[in-house]
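One structure below.
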Amino acid sequence: MAAQPKEIAGQRPSYLAEGGLVGWLTTIDHKRVAVLYGLSSLFFLFVGGFEALLVRTQLAVPNNHLLSADTYNQMFTMHGTTMIFMVIMPLEIGFFANFLIPLMIGARDVAFPRINALSFWVFIFGALFMNAGWLWHALPDAGWFGYANLTERYYSPGMNIDLWDIGLLILGVSTLLSGLNFFVTIVNMRCPGMTFMRMPMFMWAMLVTTVLILLAFPALTVGLIFLFLDRFIGTHFYVAALGATPILWQHLFWIFGHPEVYIMALPAFGIISEILPVFSRKPLFGYAGMAYALVLIAFLSYGVWGHHMFSTGMGPVADATFSITSMLIAVPTGIKIFSWIATVWGGKLRMTTAMYFALAFILEFTIGGLSGVMHASPPIDLQQTDSYFIVAHFHYVLFGGMMFAILGAFFYWWPKITGRLLDEKLGRWQFWLTVIGFNGTFFPMHFLGVLGMPRRIYTYPAGMGWTFWNSFETACAYLLGVAFLIFLVNLVRSLRSEQAVGDDPWDARTLEWSVGSPPPAHNFDDIVTVRGRDAFWLMKYGSHDAPGHDSSAGARASAAHAEAGHAHVHLPAPSWYPLLFAAGLLVMGVGAMTWLRVVFLGAGLLLVSIVGMGFEYATYGQETEESRATFFRGVDSRKMGMWAFLGSECVFFACLISTYMVYKARNLGGPDAAVLDIPLTSFSTFVLLTSSLLMVLALAAIQRGDRKWSAIWLFGTAGFGLVFLGGQVYEFSKLYLVEHLAMQDNLFGQTFYTLVGTHGTHVAIGVVWLFVMAFAALKGKLQQSRSLAVEIAGLYWHFVDIVWIVIFTLVYLMRSIKEA
Amino acid sequence: MNPHEGAQALEHEHPQAPVYLAVAVVLTVLTVLEIAVFYAPFLQPVLVPLLIVLALAKFVLVAMFYMHLHYDAGVFTSLFGFPLLLALLIGASLLMLFAYLAAHLSPVIPYL
Ligand code: HEM
Ligand SMILES: [Cu+2]
């Protein structure tokens with residue numbers, strides 16, 4: 001029992017205590033991973049801020065030639081891309097949510113600690129990859145939404161867009177994996193008593209955010225893959241030649257893009273919902289309404305993407321639909337705003353800097369929401385789109401909303417994360433400079449937009465009536481810069497100070513404040529049991545009302561974690577594989593831009609690290625017994641993760657398949673679907689169906705402890721998978737050699753090869769997976785107790801089978817159907 | 001109330017080989033039917049609805065029995081069903097949006 005007594009002895013050293021450089025490189029502790037995220041995104045915050053100041057400086061006076069048009073394009077593109085993907089998302093999700101989710105739901109770590117570390121390394125490599133453009137003056141330059149066909153090789157020959165495309169694909173892997181990880185964590189790792197309706201509102205916000213991530217990012221991935229093929233292989237997904245249309249990119253991008261704004265907004269809503277009650281000393285008003293509003297916003301956010309495309313001419317029905325759904329979002333958003341106000345109303349306010357930022361959030365965000373409802377109306381939008389009015393709108397929501405929430409979160413949770421307070425006086429200076437600088441920079445953009453100033457012009461002539469406000473905005477932008485410098489000074493000074501804070505400096509309501517500041521590596525000494533909402537408040541005061549002067553309250557609180565000493569806490573071991581995996585992805589990205597063989601090197605690294613992690617992971621269950629005490633007893637986190645992943649894959653394939661159906665109908669000449677070989681693919685279909693049967697037989701065998709037959713069936717499944725792949729290779733070669741259909745030739749060719757090839761890639765991955773597992777079974781490494789590993793591989797395999805059922809029907813058997 | 005209680009029966013026994021074999025037989029028959037439908041000239045007018053029904057049946061069978069949704073906790077069905085629904089909605093909307101586009105704009109702007 002006393003194997004690692006120093007871990008849990010009375011002192012409880014903080015999570016920051018041990019480990020040098022190697023400790024940080026191999027860490028899989030969610031708190032340390034969060035700190036890595038925090039430091040990196042703070043760095044990118046200043047990079048993005050620098051880019052913004054360059055943009056503003058360029059626009060300060062008319063006819064300015066400080067930056068060339070080219071540099072200007074690079075700066076505003078990287079400013080937007082950086083702020084969204086490398087600052088707001090990683091600060092909210094990678095930093096705050098990562099640190100807080102396990103602490104708020106009473107867990108020891110996230111569901112998949114290795115994947116968590118992996119997400120971070122993939123994130124940082126992806127971000128650096130894209131920023132490598134600084135070295136060659138070749139940063140991405142087509143705007144954060146990279147509209148086609150400007151992004152095609154013909155119009156953007158340099159490496160700029162390659163960096164953007166591949167960089168975003170890499171960042172997408174990171175985001176998707178964190179989304180998956182945190183989703184499973186919140187659903188499955190809650191401590192006893194922590195029902196959904198007792199979770200802190202930030203947890204609700206993150207739960208919904210992760211669902212949005214899982215179901216929105218696949219659309220972007222598909223769009224980026226098409227762009228990649230266009231640029232590297234010479235297909236024409238977004239080129240009007242051959243019948244394609246650049247509008248396809250707009251749809252794919254905004255199917256992702258609008259949910260993406262809520263991926264950034266909902267965590268901010270959650271943060272505000274934590275800060276306001278604590279400093280108003282009242283419970284959150286309208287808890288259930290707040291939770292349902294989050295769900296409703298998320299759901300609606302999938303039905304509004306067209307409001308970014310009114311000017312493309314989608315037709316009256318589509319315009320009306322997207323307009324109505326967009327305006328509907330204002331309803332749940334309004335519920336939230338009124339509930340926040342009601343939370344503060346009549347409370348005993350403590351005006352800390354965190355509270356200042358939270359209150360300012362409500363006002364500034366509402367201004368942005370209101371202009372949003374304005375351009376949800378198509379005729380109005382036609383005036384406002386692509387003007388500075390839009391720039392004003394999204395800065396009010398993104399800066400006035402998300403950034404204010406993030407700054408508030410820094411002041412609120414910094415003591416928990418570092419054990420030190422931020423200086424309130426500097427904080428107040430920062431706050432007022434931010435409010436003045438922000439409104440001064442962005443409010444006049446409404447005027448400029450209405451005066452007709454387009455966005456994304458690098459300079460403008462004098463005499464347009466735009467000069468005054470532009471100069472004014474630039475001056476205010478510098479004020480904003482000063483505010484952030486003060487923030488930086490405050491952070492550094494706090495880190496250098498000795499002053500330590502208690503566990504609960506704000507007299508807060510949620511579980512993270514019941515542990516040390518900074519928390520110990522294992523978070524909680526004993527598994528917590530929760531009796532209601534505002535769990536820590538209940539522990540302290542026994543009721544939801546504000547305390548009288550109950551002198552025993554504090555004593556009871558510290559008693560909550562005083563009984564340390566007997567729990568024997570295993571923490572999962574650090575690992576190099578996450579870093580290796582990310583390096584593999586980076587090498588693949590570099591390879592794509594240089595030499596093909598480097599791609600294979602990267603892929604090799606990926607494979608090694610995945611297999612390595614797989615076998616490390618096999619012992620995971622024994623490493624942390626607590627992690628088995630999941631909320632849904634008997635539902636393994638890995639299985640839940642696989643199902644969530646498959647859900648995400650549904651959207652991925654939906655985008656691919658609909659592209660195929662749309663483009664097949666627009667095919668202008670050359671071979672079309674009529675050349676598809678039905679007898680061959682019928683055979684393949686039987687092969688794949690049979691393989692699914694063998695897969696379930698393998699599972700049944702291992703479940704009854706029959707290792708030999710399990711191995712045989714697994715080899716059989718993989719073998720049938722190989723036969724299927726062989727059929728596909730034959731089919732592709734025949735199309736290419738006999739029908740002379742290359743990928744670049746026509747719309748049918750490019751979409752057919754892409755869709756069926758993507759499915760084939762899934763099969764190939766499954767085959768490798770099954771072979772690894774079959775060999776493990778053969779070597780006796782696959783015991784009955786690990787049958788779950790087979791079950792999860794099986795889920796993936798059957799899903800691939802299901803997708804084939806759909807493809808076989810829509811692509812092959814309906815080959816003669818022309819119109820979609 | 002301890003939420004861990006009452007959650008015990010979330011995972012039922014998985015079926016055994018006979019069930020799997022029966023499902024495989026049905027899947028094979030359905031696939032044969034699909035191919036028959038494809039080749040039968042008199043069925044061409046109803047080709048699309050017939051094929052969709054048959055594919056749907058296969059889809060559901062694999063999901064329910066091979067992927068155990070029929071036996072496992074309901075969480076998994078919603079974890080898969082909701083995204084599937086959303087994917088269908090997105091796909092259907094895309095088809096309609098592009099159908100409008102094709103009908104109202106010249107399909108090719110000849111340049112490049
Ligand atoms: C009631 C809520 C909202 C409505 C009705 C709304 C509506 C709109 C509309 C119609 C546009 C397109 C304008 C155009 O390009 O012509 C737009 C742009 C935008 N919105 Fe919102 N919005 C809302 C909330 C938000 C939130 C919460 C965020 C972010 C957190 C956000 C971020 C953006 C961004 C980034 C753009 C510009 C994208 C670009 O063109 O680069 N919006 N919004
Ligand atoms: Cu939008």
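Throughout, a chain's letter reflects where its sequence line sits, starting with A, and its residues are numbered from 1.
Taking every heavy atom of both residues into account, A:Y812 and B:F38 meet most closely at O-CE1, 4.2 Å. When all heavy atoms of A:M640 and B:V75 are compared, the closest pair comes out as CE-CG1, 4.2 Å. Of all non-hydrogen atoms in A:S658 and B:L95, the two that sit nearest each other are O-CD2, 4.0 Å. In plain terms, the two heavy atoms of B:P83 and A:G647 that are nearest each other are CB-O, 3.3 Å.
At a 4.5 Å heavy-atom cutoff, the contact between B:L97 and chain A is made by side-chain atoms alone. For A:T685, the part lying under 4.5 angstrom from a heavy atom of chain B is the side chain only. Neither the backbone nor the side chain of B:A99 comes within contact range of chain A; no heavy atom of the residue lies under 4.5 Å from a heavy atom of that chain. Proximity to chain A involves both the backbone and the side chain of B:L21, based on heavy atoms less than 4.5 angstrom apart. The parts of B:Y20 that come within reach of chain A are both its backbone and its side chain, each placing non-hydrogen atoms under 4.5 angstrom from that chain. Heavy-atom distances place no part of B:A92 under 4.5 Å from chain A, backbone and side chain included. Proximity to chain A is absent for every atom of B:L50, based on heavy atoms less than 4.5 angstrom apart. Only the side chain of B:L86 comes within contact range of chain A, judged by heavy atoms closer than 4.5 Å.
Here the side chains of A:C650 and B:F80 are in contact, with some heavy-atom distance below 4.5 Å. Side-chain contact between A:F183 and B:L79 is present, with heavy atoms from C-beta onward closer than 4.5 Å. Between A:L689 and B:T31 the shortest side-chain heavy-atom distance falls below 4.5 Å. The side-chain heavy atoms of B:L101 and A:T312, taken from C-beta on, include no pair separated by under 4.5 Å. Using a 4.5 Å heavy-atom threshold, the side chains of A:F686 and B:L27 count as separate. For the pair B:F98/A:T245, a side-chain contact is recorded, criterion being any heavy-atom separation below 4.5 Å from C-beta on. Residues B:S93 and A:W305 form a side-chain contact, since some pair of their non-hydrogen atoms from C-beta on lies under 4.5 Å apart. Using a 4.5 Å cut-off on side-chain heavy atoms (C-beta onward), B:K58 and A:T809 make no contact.
With respect to B:M67, the side-chain contact (heavy atoms from CB on, under 4.5 Å) criterion is satisfied by exactly one of A:V696, A:I802, A:D801: A:I802.
Atom CE of A:M814 is separated from atom CD1 of B:I52 by 4.0 Å, given to the nearest 0.5 angstrom. Taking OG1 of A:T321 as the reference point, atom CE of B:M96 lies at 8.0 Å (rounded to 0.5 Å). Here A:L697 contributes atom CG and B:Y66 contributes atom OH; the two are 7.5 Å apart, rounded to the nearest 0.5 Å. Considering CD of B:E34 and CZ of A:F808, their distance stands at 6.0 Å, rounded to 0.5 Å. The OH atom of B:Y39 lies 9.0 Å from the CG atom of A:L813; values are rounded to the nearest 0.5 Å.
Below 30°, between 30° and 60°, or above 60°: for A:F299 and B:F82 the angle between ring planes is between 30° and 60°, a tilted geometry.
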